[in-house]
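Lettering follows sequence order; numbering is per chain, from 1.
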2 protein chains.
Amino acid sequence: MPTSTPVTESGGRRLRADAERNRARVLNAARELFAERGANVSMDEVARHAEVGVGTLYRHFPTKEAMVVAASQQRFGEILTYYRTVCRESAEPLEALQMLLTRVGEVEARDRGFASVVGGTLGSEGPPSTMRADLEAELVDLVGKGQASGSIRRDIAGADILALTCGLTSIVHRRSGDWRRYIDIVLDGLRSDHITP
Amino acid sequence: MPTSTPVTESGGRRLRADAERNRARVLNAARELFAERGANVSMDEVARHAEVGVGTLYRHFPTKEAMVVAASQQRFGEILTYYRTVCRESAEPLEALQMLLTRVGEVEARDRGFASVVGGTLGSEGPPSTMRADLEAELVDLVGKGQASGSIRRDIAGADILALTCGLTSIVHRRSGDWRRYIDIVLDGLRSDHITP
DNA sequence: GAGTCAAACGGAGGGAGGTTCCGTATGCCA
DNA sequence: TGGCATACGGAACCTCCCTCCGTTTGACTC
């Protein structure tokens, strides 16, 4: 369900009605095509699918990369929401982490564009920065809790979980085997109960 | 040190002297440029750097991707050799694995083209197939030994190590933090001594 | 050495994809 | 309804990868 609040440009100015409509069409087309085939879809094709000219694409997004990122932002938000729910319901940090990573993998397996963005196959450096910061904050919190309760080893930081997520992403993205098992392996590696001091 | 044995085409036919010379120049240029800047170097640039026409590039390598792979094959061979030495000298499978992964990370950190190939950022599916098969065979052997001696958990196959290596690669490639620590985490996850049966 | 010919070379040009530019259309506000 | 900033479309441009073909050159024979 797309936002019904008035869409604004990054400048904060309000969009003209046709511009708002077109922006939505473009985002929908982008989400659909990128999810199915990854970033390997031409701008012409997105434009055609959205029934819009290429120029309009560039009116709304500075580059193709920005468009792919914008198209996956929704997924990112969904995952963050899910994760917060899990945290509220589950007491055990490692369990919450497992559910998060599994969800990320599932979404990535279904949405190749999202996987590209998370994995950063697209030139720059990973997930959209605000989203990344939000998730990292949550993870810092979680890791802290796990360390306090003694379940997570001490030499880990919240940011490490993000890096490990990127690693998982590349495995999911390349469809090598059953990625769920790798989550278990990494989680076992994060436990503190088998470290010899 | 380049091979001094007569270079032959994949067909097995012997190359003409100028062709052999040019092939070496191209490979050297490719190795240098790709190591430094990843696969993000144009064929024109490689040709200019090798003082050769673009056509010559395509006489020796069918596609750019094939060239990047060929340029990183040497590195792959070095790593395999190193790994075999380690295996001969070290009795402990997990230790050998740690040394292998560390070496892979070090080479990737220094050679972005190699990292692209291992990570498979390049379209198709990972390391050159013969090299991949050789390494996988070694890993199957190693994992078997570790499982027999009880140090490695039972639900792991040799191929899993390759997948995990791809994950590590994407972390190294993106320069996120200190990748060496992630090796320790994964290796701890591979141990059998903390699994509750 | 000179002749012959397959092998190899160079680089212009085809084609695809991302991005820009600008003349035209259109929503918005007075 | 008129004026104008905003937005649109798509041709054109640039950069890449790759192909094609006329020219050059090494290798082998006589």
Note to self: For a side-chain contact (heavy atoms from CB on, under 4.5 Å) check, start with the C-alpha distance between Phe61(B) and Val26(B), then their side-chain angles and the critical distance, and finish with the verdict.
What the structure shows: CA-CA 10 Å; Phe61(B) 306 99; Val26(B) 168; 3.7 Å; yes
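Evaluation of the salt bridge (Lys or Arg N to Asp or Glu O under 4.0 Å) rule for Arg75(A) yields Glu78(A), Asp111(A) as partners, not counting sequence neighbours. Arg103(B) meets the side-chain hydrogen bond (donor to acceptor under 3.5 Å, both in side chains) test with no other residue; sequence neighbours excluded. Scanning for side-chain hydrogen bond (donor to acceptor under 3.5 Å, both in side chains) contacts around Glu106(B) gives Arg180(B), with sequence neighbours left out. Under the salt bridge (Lys or Arg N to Asp or Glu O under 4.0 Å) criterion, Asp18(B) pairs with Arg16(B), sequence neighbours left out.
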Look for any protein N or O under 3.5 Å of an N or O in nucleotides 1-5 of chain C and output each such pair with its distance, or none.
none

All N/O pairs under 3.5 Å across the protein-nucleotides 18-21 of chain D interface:
from	atom 1	to	atom 2	distance (Å)
dC18(D)	OP2	Tyr58(B)	OH	3.0
dC18(D)	OP2	Lys64(B)	N	2.8

Contacts under 3.5 Å, N or O only, protein and nucleotides 27-30 of chain C:
from	atom 1	to	atom 2	distance (Å)
dC28(C)	OP1	Ala17(A)	N	3.2

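Summarising the geometry, the separation between CZ on Arg48(B) and C1' on dT15(D) is reported as 12 Å, rounded to the nearest angstrom. Taking atom CD of Glu20(B) as the reference point, atom P of dC9(C) lies 12 Å away to the nearest angstrom. Between the CG atom of Leu57(B) and the P atom of dC17(D) there is a distance of 10 Å, given to the nearest Å. Between the CG atom of Asn40(B) and the P atom of dT15(D) there is a distance of 14 Å, given to the nearest Å. Atom CZ in Arg14(A) sits about 16 Å away from atom C1' in dA7(D), given to the nearest Å.
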Would you give me the side-chain donor-acceptor pairs under 3.5 Å for residues 32-39 of chain B, sequence neighbours excluded?
from	atom 1	to	atom 2	distance (Å)
Arg37(B)	NH1	Glu45(B)	OE2	2.9
Arg37(B)	NH2	Glu45(B)	OE1	3.1
Arg37(B)	NH2	Glu45(B)	OE2	3.4

Got a list of side-chain donor-acceptor pairs under 3.5 Å for residues 137-146 of chain B, not counting sequence neighbours?
from	atom 1	to	atom 2	distance (Å)
Glu138(B)	OE2	Arg84(B)	NE	2.5
Glu138(B)	OE2	Arg84(B)	NH2	3.2

Name each donor-acceptor pair under 3.5 Å that joins a side chain in residues 85-92 of chain A to protein atoms two or more places apart or in another chain, with its distance.
from	atom 1	to	atom 2	distance (Å)
Thr85(A)	OG1	Thr81(A)	O	2.9
Ser90(A)	OG	Glu92(A)	N	3.4
Ser90(A)	OG	Glu92(A)	O	3.4
Glu92(A)	OE2	Leu94(A)	N	3.4
Glu92(A)	OE2	Ser151(A)	OG	3.4

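Of the side-chain N and O atoms in Thr56(A), one or more sit less than 4.0 angstrom from OP1 or OP2 of dG9(D). Contact check, His60(A) against dA7(D): no side-chain N or O comes under 4.0 Å of OP1 or OP2. In this structure, Asn22(B) does not reach the dA8(C) phosphate: none of its side-chain N or O atoms is under 4.0 Å from OP1 or OP2.
In this structure, Ser42(B) and Gly53(A) both approach DNA chain D, and ranking their closest nucleotides by distance from the 5' end singles out Gly53(A).
As judged by a 4.0 angstrom heavy-atom cut-off over every strand, Val46(B) is placed among residues making no nucleic acid contact.
The side-chain hydrogen bond (donor to acceptor under 3.5 Å, both in side chains) contacts involving residues 46-58 of chain A comprise Arg25(A)-Glu51(A), where partners must be two or more places apart or lie in separate chains. Pairs of residues two or more places apart, or lying in two chains, that qualify as salt bridge (charged side-chain N to carboxylate O under 4.0 Å, His left out) and include a residue from residues 160-172 of chain B are Arg181(A)-Asp160(B).
Distance alone, capped at 3.5 Å, places no donor-acceptor pair between the Lys64(B) side chain and the Ser42(B) backbone.
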